[in-house]
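Just so we're clear, the structure is a prediction, and the values are computed from it rather than from any experiment.
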Amino acid sequence: MTHRQILFIIFGLMAGMFLASLDQTIVGTSMRTIGDDLDGISLQAWVTTGYLILSTISTPLYGKLSDIFGRRPLYIIAIVIFLIGSLLAGLATDMYQLAIFRAIQGLGAGGLMSLALTVMGDILAPRERAKYQGYFLATFGISSVIGPLLGGLLSGAPQILGITGWRWIFLLNLPIGAVAMVIVLLFLHIPHTKREVRIDWWGVVAVIVTVVPILLVAEQGREWGWGSWGAILCYVLAPLGLALFIVVERRMGDDAIIPLKLFKSSTFTVATILGVLVGFGMFGAMMTIPNYLQIATGATPTQAGLLMIPMVLGLMISSIVSGQLISRTGRYKIFPTLGTGLLVVAFIYMSFVSADKPVWYVLIGMLVIGLGLGQLMQTLTIASQNSVGPRDIGVATSSSTFFRSIGGTLGTAVVFSVLFSRLGNTLLDAFTNPEIIAGTQAAAADPAVQANPANAAILQVLANAQTDPSSLGTALSGDTSFLVGADSRLSLPFVDAWANATSTVFLVCLAVVAVAFVLSFFLKATPLRQRSALEESAAEDAAVKAQLAAEQAGALVLPDLPTGSVPVQKPAGQA
């Protein structure tokens with residue numbers, strides 16, 4: 001394919017990936033407004049969980065089906081499903097409907113993310129792939145920045161063109177999706193040879209039985225209680241589902257939704273485990289830092305989105321540079337080690353955050369995190385794709401994305417569990433610190449502070465704590481809006497408690513990425529192939545046809561004479 005054709009395809013794939021990645025970030029800052037408008041703020045977790053479960057489960061299914069039926073039709077189906085879900089979500093009238101429609105969105109999003117990388121594996125050789133995948137990471141980074149900004153702006157508008165502002169968060173996907181659809185229909189033409197294989201529906205059931213309980217307990221465990229009957233049921237179902245999955249996949253062989261033969265490659269196995277660990281650290285940072293910026297530094301959701309730019313810049317710079325180096329040299333082993341090493345350094349640095357640290361201190365840490373992540377995301381995908389045959393590119397890519405999503409989900413659940421578990425102790429420490437509490441008490445007794453309406457909510461929280469000290473432990477577990485605009489002396493104990501709890505979260509992320517750093521030394525970097533998956537598949541097909549033709553025609557070999565073979569005599573005068 002020409003460079004121009006490749007770029008057109010990339011633009012279409014980027015538009016699809018932008019849809020899925022933007023949808024993960026734009027909803028967060030607007031969920032409170034949506035919950036208030038639909039009278040169901042307590043149900044907001046199910047809106048997130050429904051999307052997450054369907055997108056994670058559908059990822060390997062898209063990979064397998066695209067190997068069977070081709071990338072183009074499956075990518076088109078993914079876009080259509082996502083747009084239908086977006087339209088329905090924009091028309092939802094209650095939170096239950098919104099949760100169901102978001103799940104439909106997730107069903108489409110699972111294909112948009114994984115198939116984009118799979119198509120890249122088809123049309124580009126591994127060495128060239130690294131150069132172009134920087135565009136996708138840039139798309140992911142841009143959506144991470146403008147998502148919170150758009151979410152805050154749209155949800156803050158009462159109406160836009162006669163439609164409630166927050167509904168545009170979902171309706172905005174329609175024109176973007178239309179552009180992606182047109183580009184895909186016009187330019188995404190990839191040759192495909194249809195194969196007669198079995199579809200592993202029992203494997204899909206086994207994945208659901210394994211993954212859904214894990215994600216449910218990860219998302220809802222804090223609400224249910226980790227020892228509740230619901231949590232215990234999830235603990236039992238997940239291992240049973242995993243056992244069923246292994247049995248089914250063994251029986252299905254090459255037709256399995258996640259063929260176990262992939263894990264015979266040490267490169268694929270190590271890259272997959274690294275993906276889980278990196279996903280944990282990445283989502284742990286991306287979910288924790290915006291909250292820290294808003295609560296500990298007083299940034300608005302829009303400002304917090306802008307303050308994430310250093311991480312995005314670091315991610316884009318390192319992904320582009322590492323991609324160019326991989327393309328030119330064909331070597332990539334150093335990047336997982338260097339990337340995880342930078343994450344270790346970054347989380348050590350971030351573990352020292354405190355209430356008195358300036359904003360620029362956090363920005364430096366985010367830059368280093370971005371520099372580390374940019375070398376990992378595309379490199380691990382390339383390693384996974386390069387470790388399998390051309391016909392398994394789709395299932396290998398989707399499997400890699402699938403396990404990384406699980407790591408990210410677990411990372412999100414664990415860091416929030418640690419954060420809110422630590423808050424009770426850090427709040428107690430803050431309110432027993434003489435230096436901190438002296439300023440708080442002085443401010444609370446100041447008539448000017450008492451007369452300021454912006455301090456009314458936090459003064460009420462402090463008054464409640466005097467009559468019921470136990471309420472202090474949960475003061476930051478629900479609505480934290482009482483900190484907005486309050487006198488800094490009144491909010492200092494809460495800010496200090498949040499910062500100290502967040503530092504513990506960064507230590508947890510440090511432990512995980514440290515394991516990834518050690519594991520990176522065991523990644524066997526097989527030489528990157530020089531041809532794309534399409535070229536290799538065509539070459540394999542040609543070789544098979546030639547072999548069959550030779551077998552049908554018979555071997556053109558002279559039989560041996562009874563006395564043995566007779567050497568061929570060269571004519572005189574020839575060398």
Side-chain angles (χ1 to χ4, degrees), residues 28-42 44 148-160 164-166 169 289-307 354-359 362 419-420 423-424 426-502:
T29 53
S30 57
M31 186 52 67
R32 182 180 175 186
T33 303
I34 296 173
D36 289 340
D37 191 49
L38 297 181
D39 193 22
I41 192 68
S42 62
Q44 62 174 309
L149 295 176
L150 279 175
L153 290 172
L154 294 175
S155 62
Q159 283 193 341
I160 301 176
T164 307
W166 66 261
I169 290 170
I289 292 176
N291 284 332
Y292 174 85
L293 291 172
Q294 293 180 60
I295 293 176
T297 69
T300 65
T302 302
Q303 292 169 340
L306 289 172
L307 290 173
S354 60
D356 59 350
K357 287 290 192 297
V359 173
V362 183
L419 178 67
F420 287 105
L423 272 175
T426 56
L427 279 167
L428 180 61
D429 292 340
F431 275 92
T432 55
N433 186 322
E435 295 181 3
I436 294 176
I437 202 62
T440 302
Q441 291 173 342
D446 187 343
V449 172
Q450 296 175 358
N452 188 344
N455 297 320
I458 194 170
L459 287 172
Q460 184 61 49
V461 171
L462 294 173
N464 292 339
Q466 290 181 347
T467 58
D468 181 15
S470 63
S471 66
L472 234 126
T474 58
L476 294 175
S477 298
D479 186 3
T480 60
S481 60
F482 64 87
L483 297 174
V484 178
D487 187 284
S488 60
R489 294 169 295 173
L490 294 176
S491 61
L492 180 57
F494 301 97
V495 171
D496 182 77
W498 191 277
N500 290 334
T502 302

Side chains of residues 426-434: which donor-acceptor pairs under 3.5 Å do they make with residues two or more places apart or in other chains?
{"unit_1": "T426", "atom_1": "OG1", "unit_2": "R422", "atom_2": "O", "d": "3.2"}
{"unit_1": "T426", "atom_1": "OG1", "unit_2": "L423", "atom_2": "O", "d": "3.1"}
{"unit_1": "T426", "atom_1": "OG1", "unit_2": "A497", "atom_2": "O", "d": "3.1"}
{"unit_1": "T432", "atom_1": "OG1", "unit_2": "L428", "atom_2": "O", "d": "2.8"}
{"unit_1": "T432", "atom_1": "OG1", "unit_2": "D429", "atom_2": "O", "d": "3.1"}
{"unit_1": "N433", "atom_1": "OD1", "unit_2": "E435", "atom_2": "N", "d": "3.0"}

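- Taking both residues in full, the closest heavy atoms of V495 and A296 are given as CG1-O, 3.4 Å, listed atom of the first, atom of the second, then distance.
- Every residue two or more places apart in sequence or in another chain that forms a side-chain contact (heavy atoms from CB on, under 4.5 Å) with P358 is listed here: W360, Y361.
- Across every non-hydrogen atom of A355 and D496, the tightest pair is CB-CA, 3.7 Å.
- R489 and G439 make their closest contact through CB-O, 3.7 Å (heavy atoms, listed as atom of the first residue, atom of the second, distance).
- Atoms CG and CZ, from L462 and F494 in turn, are 5.0 Å apart once rounded to the nearest 0.5 Å.
- Nearest heavy atoms, L490 versus T440: CD2-O, 3.7 Å.
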